[in-house]
Amino acid sequence: MKIVAAGDSFTYGEELGNLTLAYPYVLGKLVSDNSTVVNLAAPAGSNDKVVRLLTEYLLDESAD
């Protein structure tokens with residue numbers, strides 16, 4: 001299972017010493033040990049940036 005997260009610094013895990021403790025990765029572990037987490041979040045990510053990154057990612061994935 002693949003989990004794709006998009007968001008701002010909270011989703012990114014900005015204040016954490018270890019970014020794998022950000023909630024998208026914790027969610028991935030809770031769902032399945034075999035899940036793949038793609039964290040597209042960015043510190044200071046505006047709504048425009050979040051939508052743009054997610055759209056680009058989804059378009060690239062659909063091209064594969």
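Everything quoted here is computed from the prediction, not taken from an experiment.
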Quiz item: So which heavy atom on Ala22 is nearest to which on Leu16, and how close?
Solution: N-CD1, 3.4 Å

Quiz prompt | Ser35 to Gly28 - nearest heavy-atom pair and separation | solution = OG-O, 2.7 Å

Quiz prompt | side-chain contact (heavy atoms from CB on, under 4.5 Å) between Asp8 and Val50, worked out | solution = CA-CA 7 Å; Asp8 59 8; Val50 170; 5.6 Å; no

Exercise. Taking all heavy atoms of Val26 and all of Leu21, pick out the closest pair and write down the distance.
Key: CG2-O, 3.6 Å

Self-check item: Reported CD1-to-CG distance for the pair Ile3 and Leu30, which is rounded to 0.5 angstrom
Solution: 9.0 Å

Practice problem: Give a yes or no on this: more than 12 heavy atoms of other residues, nucleotides or ligands lie within 6.0 Å of atom CG of Asn47. | Solution: no

Practice problem: State the CE-CG distance between Met1 and Asp33, to the nearest 0.5 angstrom. | Solution: 12.5 Å

Quiz item: Going from CG on Asn18 to OH on Tyr25, what distance comes out if it is rounded to the nearest 0.5 angstrom?
Solution: 10.0 Å

Self-check item: From OH (Tyr12) to CG (Leu19), nearest 0.5 Å
Solution: 5.0 Å

Exercise. State, to 0.1 Å, how close Pro24 and Asn39 come at their nearest heavy-atom pair, and which atoms those are.
Key: CG-ND2, 3.9 Å

Self-check item: Closest non-hydrogen atom pair, Ala42 against Leu53
Solution: CB-CD1, 4.4 Å

Quiz prompt | Atom OH of Tyr57 with >12 non-hydrogen neighbours under 6.0 angstrom | solution = yes

Quiz item: Under a 4.5 Å side-chain heavy-atom rule over Ile, Leu, Val, Met, Phe, Trp and Tyr, are Leu27 and Val4 clustered together?
Solution: no

